[in-house]
Amino acid sequence: MDVTSEKFAENANRALHDPGLQAALKRATGKFVNERLRAVAELPGFEALREQGRAIKQAALDRLPQLLEIFEEKVIERGGYVHWARDASDANQLVINLARSEGVKTIVKSKSMTTEETGLNHALTEAGFTTVETDLGEYILQLDEDYPSHIIAPAVHKTKEQVADIFERTLKEKNPPEAGIPGLNAIARRTLRERFLSAEMGITGANFAVAETGTIVIVENEGNAALATTLPKIHVAVIGIEKIVPRFNDLAVLLKLLPRSATGQRLTSYTNFLTGPAKEGEEGPQKLHVILLDNGRTRIYADDKLNGSLRCIRCGACLNACPVYQKTGGHAYGWVYPGPIGAVISPQYLGMDHGHVLPYASSLCGACYEVCPVKIEIPHMLLELRNRVVEKPSHATGAPARRNFFEALSFKIFAIAGRFPWLWQAATTVGRHLLRAKASAGVVGKVSLPVLSNWTRERDLPEPARESFLQQWKARRP
Ligand code: SF4
């Protein structure tokens, strides 16, 4: 996909003027937020559980090199194969080579943000394979040549009417309006079933990879991951190296946190535990290949200030809680990872030339941190990234730091005025009177000054009070 993260403002503006998208976002994020609140409220000690989740993922990161080797050893011990991919093209080429060597023609995929990140579908199509997404949301997007706008609900930006149009146009299947969503589900189920039965390879990601047992864990609600890892004779799992957890017991905590934070479920409909290929007499794939993907993760790992972002378990709660995501949706972020966590990790994966705008796509209200099941300090990381954007040349190209002249000047003036109380009071008194003179009906209109003109273009600046806070405070003191 084309990366457009640097055009966040433009993308967001388009999203804000799309009434269909606004309605879909309001409905979906509102539902997710409420369901999460309900699920959290019914579990006593959820805060302590968040702390445990944070500790488990952090401990896993602290020992990551060692745990990866243990995981590799265990997968091989159970009869699987492990491959290491340095970057996206490495990972894609590994899958293509495996498919070619096994004479594969048709591939089914279950939802995986990691393979979205590597652009695997595109690479497989270019290489001549028929690849079918089997998660309903992903399937809809594949048919419409679109891409996900949410980590767990990829087609959240589509209405059911749009989906009916897509099915009619691409599958030549008409869904009568009275059949509604169940009718759409039935069409997808019918067409996908044939694909599952004919596919020779199933590709998945993983929610967790357990080092001590070599187990891959996939949570889902549709059963498509279960079919994609059972029916085809080969299972390929493309897993980011940060998905490792040390022990099977750790899942007792993480599987309580993930579904509750994601969809407000106590447990997803299916939780798949896959340890090695099928043994003699068992159902399942004859071969299991695990591809462990770096693609920038070791670079993030080496960054003391930002490596906590690798704790992310991709639940999507921070997207739903974010007032910016709630209005812009995921496509505005211009790459596969949207929302607050996308604003943190996309600049790290893509480099600042693409990602430098994203750390500003936040009001820093802290809602993302409040809901994060593994307590990632997203607001602090966004500030750190903003600092890097302003202070440092681009890491990737050595291009000069990105400073906004007027913003820098305003802060310089602010710093000087803040040092001299008489100057501060004089400046704020003059400013207050000027704004009051301009105000009408309690609102100052657009202010034609650098920085402020942008701020007041979309917002109502309230008329300042007649007296300053200091004056009011002095008058109230006994
Ligand atoms: S940052 Fe936290 S809340 Fe956001 S997707 Fe990751 S784990 Fe979930």
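Just so you know, ligand 1 is whichever comes first in the structure, and atom 1 is the first atom listed for that ligand. Values in this document were obtained by computation on a predicted structure and should not be read as measured data.
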Per-atom filter on ligand 1: closer than 4.0 angstrom to a heavy atom of Ile341 are 1 (S)

For atom 6 (Fe) of ligand 1, the protein heavy atom that lies nearest, with its residue and separation: Cys312 SG, 2.3 Å

Look only at the side chain of Glu220 and the backbone of Ala225, and say whether a donor-acceptor pair between them is shorter than 3.5 Å. yes

Assess whether a salt bridge exists between Glu222 and Lys111, defined as any Lys/Arg side-chain N lying under 4.0 Å from an Asp/Glu carboxylate O. no

Taking atom 8 (Fe) of ligand 1 as the reference point, the nearest protein heavy atom with its distance: Cys315 SG, 2.4 Å

Counting each atom of ligand 1 from 1 as listed, which ones have a heavy atom of Ile376 under 4.0 Å away? 1 (S)

If you count the atoms of ligand 1 from 1 in the order shown, which ones are under 4.0 Å from a heavy atom of Gly316? 5 (S), 8 (Fe)

Quick one: does Val344 get within less than 4.0 Å of ligand 1, heavy atoms only? no

Looking only at protein heavy atoms, what sits closest to atom 2 (Fe) of ligand 1 is Cys372 SG, 2.4 Å

Students often mix this up, so state it plainly: with edges at 30° and 60°, are the rings of Tyr325 and His150 parallel, tilted or perpendicular? perpendicular

Would you mind checking if Arg388 and Glu384 are paired as a salt bridge, meaning a charged N to carboxylate O distance below 4.0 Å? yes

Glu212 side-chain N/O to Phe248 backbone N/O, donor-acceptor pair under 3.5 Å: yes

Electrostatic pair Glu242-Arg297, nearest N-O below 4.0 angstrom: yes

Among all protein heavy atoms in this structure, tell me which lies nearest to atom 4 (Fe) of ligand 1, with the distance rounded to 0.1 Å. Cys318 SG, 2.3 Å

For Pro373, take its heavy atoms, then give the atoms of ligand 1 lying under 4.0 Å from any of them. 2 (Fe), 3 (S), 7 (S), 8 (Fe)

So, 4.0 Å and heavy atoms of Ile313: is ligand 1 close enough to count as a contact? yes

Ser261 near ligand 1, heavy-atom distance under 4.0 Å? no

Short list, please: which atoms of ligand 1 are under 4.0 Å from a heavy atom of Ile378? 1 (S)

Just verifying a value: how many Å separate His356 NE2 and Met352 CE, rounded to the nearest 0.5 Å? 9.5 Å

Single hit among Thr131, Thr115, Thr134 for side chain to side chain donor-acceptor pair (under 3.5 Å) with Lys109: Thr115

